[in-house]
Amino acid sequence: MGHEGFPLLDTTRLRLRQFVASDLPGFLAYRNDPEIARYQSWERYSEAEGHAFLSQQLQTVPGTPGVWCQFALEHKATGRLLGDCALQVDAAEQRQGQIGFTLARENQGKGFATEAVARLLDYGFSELLLHRIIAITDSENTAAGALLERVGMRREGHFRQNVWFKGRWGSEYLYAMLEHEWQDRRR
């Protein structure tokens, strides 16, 4: 059982919530899709790894410095798991955070990730009182970059061949947004 203080973050179509045990089959399905794993740190997830991930997330408190907190993305009308998004408050500079997101292939291109990321940014700035939030994406992942720009994040950095990733050197983009930029955008 998770902790009672885990927030439910609603949007028009989505609920960002804590993972539960019944999410395991859907979670494993999209995490084991090679196209989804292409730009992620994993190749595949075993059932044991999935159980361990869910167990760990049931103990996670959003906003805990240095800890990635994953939010399950649930379609409100159907209750179906669409993917997940994540937020980590920086351990050293606790007014800064980082976000990430993963959507099952069949849920991409429908605006769900944009809706979820916007709600996660709002949570980070308005409820956790973060000053700055970043996102890092593979430079070849043009869809992720376009999404981050849609929600108002700006590309601040291009790190060329900075990470050894799946057997080769990879390049990454860093996107960022400041709290006042988010608030201005909301007005």
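For this chain, numbers begin at 1 and follow the sequence in order.
Under the 4.5 Å side-chain heavy-atom criterion for ILVMFWY residues, no single connected hydrophobic cluster contains both Val163 and Ile134. The cluster map of Ile, Leu, Val, Met, Phe, Trp and Tyr, joined by side-chain heavy atoms under 4.5 Å apart, puts Val67 and Leu128 in different clusters. One hydrophobic cluster holds both Leu148 and Tyr123 under the rule that ILVMFWY side chains link at heavy-atom gaps under 4.5 Å.
The ring of Tyr39 has its center no closer than 6.0 angstrom to the ring center of Phe165. A centroid separation of less than 6.0 Å is found between the aromatic rings of His75 and Phe112.
In the model, Asn107 has no side-chain atom that pairs as donor or acceptor with a side-chain atom of Tyr30 under 3.5 Å. Looking at Thr60 and Gln56, their side chains do bring a donor and an acceptor atom within 3.5 Å of each other. For the residue pair Ser139 / Glu172, no side-chain donor-acceptor distance below 3.5 Å is found, with atom types taken as modelled.
Looking at heavy atoms from C-beta onward, Val89 lies out of side-chain contact with Trp68 at the 4.5 angstrom threshold. Proximity of Val61 to Phe6: side-chain heavy atoms (C-beta onward) are nowhere separated by under 4.5 Å. When side chains are defined from C-beta on, Arg186 counts as touching Ser126, because their heavy atoms get closer than 4.5 Å. Phe19 places a side-chain heavy atom less than 4.5 Å from the side chain of Leu81. A 4.5 Å side-chain heavy-atom check between Phe71 and Leu9 finds at least one atom pair inside the cut-off. A 4.5 Å side-chain heavy-atom check between Leu28 and Glu49 finds every atom pair outside the cut-off. Thr102 places a side-chain heavy atom less than 4.5 Å from the side chain of Gln40. Inter-residue side-chain proximity for Leu82 and Glu74 is flagged as unmet; no heavy-atom pair is nearer than 4.5 Å.
Residue-environment remark: CZ (Arg154) exceeds the threshold of 12 foreign heavy atoms within 6.0 Å.
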Audit row: Ser171, Glu140, side chain to side chain contact (heavy atoms under 4.5 Å, CB included) steps and yes/no: CA-CA 8 Å; Ser171 299; Glu140 294 178 8; over 6 Å; no
Can Asp84 and Phe27 be said to form a side chain to side chain contact (heavy atoms under 4.5 Å, CB included), step by step? CA-CA 9 Å; Asp84 59 79; Phe27 174 80; 4.2 Å; yes
Check against side chain to side chain contact (heavy atoms under 4.5 Å, CB included), Leu16 and Cys85: CA-CA 8 Å; Leu16 284 67; Cys85 57; 3.5 Å; yes
Stepwise side chain to side chain contact (heavy atoms under 4.5 Å, CB included) test for Glu115 and Arg13: CA-CA 8 Å; Glu115 201 171 312; Arg13 300 179 295 167; 2.8 Å; yes
Verify salt bridge (charged side-chain N to carboxylate O under 4.0 Å, His left out) between Arg119 and Asp10, making sure each step is shown before the conclusion. CA-CA 8 Å; Arg119 182 61 182 99; Asp10 285 341; over 6 Å; no
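No side-chain donor-acceptor contact under 3.5 Å links Lys166 to the backbone of Ser41. Of the possible donor and acceptor atoms, none in the side chain of Arg44 sits under 3.5 Å from a partner among the backbone N and O of Ala37.
Across all non-hydrogen atoms, the minimal contact from Ala86 to Leu120 is O-CD2, 3.3 Å. The nearest pair of heavy atoms linking Pro7 to Pro62 is CD-CG, 3.5 Å. Scanning all heavy atoms of the two residues, the minimum distance from Leu54 to Ala21 falls at CD1-O, 4.1 Å. Of all the heavy atoms in Ala116 and Leu73, the pair that sits closest is CB-CD2, 3.6 Å. The two residues Arg132 and Leu174 make their nearest non-hydrogen contact at NH2-CD2, 4.1 Å. In this structure, Ile36 and Gln108 approach most closely via the heavy-atom pair CD1-NE2, 3.2 Å.
The line from CG of Asp33 to CZ of Arg38 is 11.5 Å long, rounded to the nearest 0.5 Å. Here the straight-line distance linking atom CD1 of Ile133 with atom CG of Leu87 works out to 6.5 Å at 0.5 Å rounding. Ser46 contributes atom OG, which lies 13.0 Å from atom CZ of Phe53 (distance to the nearest 0.5 angstrom). Going from atom CH2 of Trp169 over to atom CD of Gln161 covers 8.0 Å, rounded to the nearest 0.5 Å. Rounded to the nearest 0.5 angstrom, Gln88 CD and Thr64 OG1 are separated by 10.5 Å. Distance check: Leu147 CG to Thr137 OG1 gives 9.5 Å after rounding to the nearest 0.5 Å.
Contact check on Arg95 versus Asp90 returns no salt bridge, with no Lys/Arg side-chain nitrogen under 4.0 Å from an Asp/Glu carboxylate oxygen.
A side-chain hydrogen bond (donor to acceptor under 3.5 Å, both in side chains) with Asp23 is found for one member of Arg17, Gln18, Gln57 and no other, namely Arg17.
Pairs passing the ring pair (Phe, Tyr, Trp, His ring centres under 6.0 Å) check and including a residue from residues 137-158, sequence neighbours excluded, read His158-Tyr173.
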